[in-house]
Amino acid sequence: MSRKDIPIETLQNKATEAAEFMRLFSTPSRLMLLCHIAQQERSVGEIQNDLGLKQPALSQQLAELRQAGLVKTRRQSRAINYSIADERVEAVMDLLLTLFCGTGGDVQDALRGLASSPGALRSDSAGAAQFARLDPVR
């Protein structure tokens, strides 16, 4: 099924869900947070040090992403580690990195990865996109 073959009813039924999902990417700090966690699992301390976010703001952003099911936690002794829990996030990050960060990826490949991710507006999901590494600009 191509994107042109998706029934309008399906698009209408998924529009609210898609808008809420995209809202979670709508602030630069949250987007950077997702980019950073998508590279590899990170502890709260690592995230705070690497991104320079203050603890209260970081906790609020992580809680919202966790509540939405985009990230998951793993406790290791006293440290809490975060990683991506939703393959759609990896697909979106791949597309954004290709479009905005010049990762060398092909836009059509990134779009195919997004379309094949679980939860995408397709009936035949067949895998997830690979995440491209984001190196911080200094």
Side-chain angles (χ1 to χ4, degrees):
M1 175 183 290
S2 74
R3 283 185 271 159
K4 293 179 182 178
D5 295 337
I6 299 172
I8 192 69
E9 296 81 19
T10 301
L11 296 173
Q12 289 172 332
N13 290 337
K14 294 292 186 173
T16 301
E17 178 185 351
E20 176 60 22
F21 180 76
M22 294 309 297
R23 181 194 67 77
L24 295 164
F25 295 85
S26 68
T27 64
S29 62
R30 200 175 310 133
L31 185 58
M32 191 62 212
L33 179 59
L34 286 168
C35 285
H36 197 53
I37 295 171
Q39 290 180 63
Q40 68 183 40
E41 181 182 76
R42 309 265 184 188
S43 71
V44 174
E46 289 174 315
I47 297 166
Q48 188 174 358
N49 290 336
D50 294 347
L51 300 182
L53 296 172
K54 300 214 183 292
Q55 200 279 329
L58 177 59
S59 292
Q60 181 181 9
Q61 297 290 356
L62 287 170
E64 183 168 0
L65 293 171
R66 189 175 59 244
Q67 184 177 10
L70 298 179
V71 299
K72 60 186 174 185
T73 61
R74 182 180 64 83
R75 183 174 287 280
Q76 182 178 7
S77 186
R78 292 184 353 188
I80 298 176
N81 297 294
Y82 283 83
S83 60
I84 299 298
D86 188 325
E87 290 179 333
R88 297 175 302 174
V89 173
E90 291 180 355
V92 169
M93 298 314 306
D94 189 38
L95 179 60
L96 291 174
L97 290 169
T98 299
L99 293 172
F100 293 98
C101 299
T103 60
D106 178 73
V107 172
Q108 292 303 317
D109 286 341
L111 288 171
R112 279 191 290 278
L114 180 61
S116 67
S117 294
L121 298 179
R122 288 179 48 127
S123 60
D124 60 331
S125 59
Q130 296 296 310
F131 183 78
R133 181 173 172 79
L134 174 65
D135 293 320
V137 177
R138 302 216 187 257

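In this text, all values refer to a predicted model and were calculated from it rather than measured experimentally. As a basis for the values below, the full set of heavy atoms in this structure was taken, side chains included, without hydrogen atoms, waters or symmetry mates.
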Stepwise side-chain contact (heavy atoms from CB on, under 4.5 Å) test for Asn81 and Thr73: CA-CA 5 Å; Asn81 297 294; Thr73 61; over 6 Å; no
Audit row: Lys72, Asp86, side-chain contact (heavy atoms from CB on, under 4.5 Å) steps and yes/no: CA-CA 9 Å; Lys72 60 186 174 185; Asp86 188 325; over 6 Å; no
Show, in sequence, the C-alpha distance, side-chain angles and deciding distance for Leu95 and Val92, and conclude whether the side-chain contact (heavy atoms from CB on, under 4.5 Å) test is met. CA-CA 5 Å; Leu95 179 60; Val92 169; 5.7 Å; no
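Here the side chain of Asp94 pairs no donor or acceptor atom with the backbone of Glu90 at under 3.5 angstrom.
The two residues Arg75 and Arg78 have their closest heavy-atom pair at NH1-O, 3.8 Å. Of all non-hydrogen atoms in Phe21 and Phe25, the two that sit nearest each other are O-CD1, 3.3 Å. In plain terms, the two heavy atoms of Gln48 and Lys54 that are nearest each other are NE2-C, 4.4 Å. In this structure, Gly69 and Ala85 approach most closely via the heavy-atom pair O-CB, 3.6 Å. Between Arg23 and Ser26, the closest heavy-atom pair is O-OG, 2.6 Å. Between Glu41 and Glu46 the shortest heavy-atom distance is O-OE1, 4.2 Å.
Once rounded to the nearest 0.5 Å, the distance linking CG of Asn49 with CZ of Arg42 reads 11.5 Å. The CG atom of Asp50 sits 3.5 Å away from atom NE2 of His36, with the distance rounded to the nearest 0.5 Å.
Side chain to side chain, Thr16 and Glu20 fail the donor-acceptor criterion of an N or O pair below 3.5 Å.
For CD of Gln55, the number of neighbouring non-hydrogen atoms (other residues, nucleotides, ligands) closer than 6.0 Å is greater than 12.
Partners of Ala68 by side chain to side chain contact (heavy atoms under 4.5 Å, CB included), not counting sequence neighbours, listed by chain and number: Leu24, Leu70. Residues passing the side chain to side chain contact (heavy atoms under 4.5 Å, CB included) test with Leu33, sequence neighbours excluded: Ile37, Ile47, Leu51, Leu58, Gln61, Leu62, Leu65.
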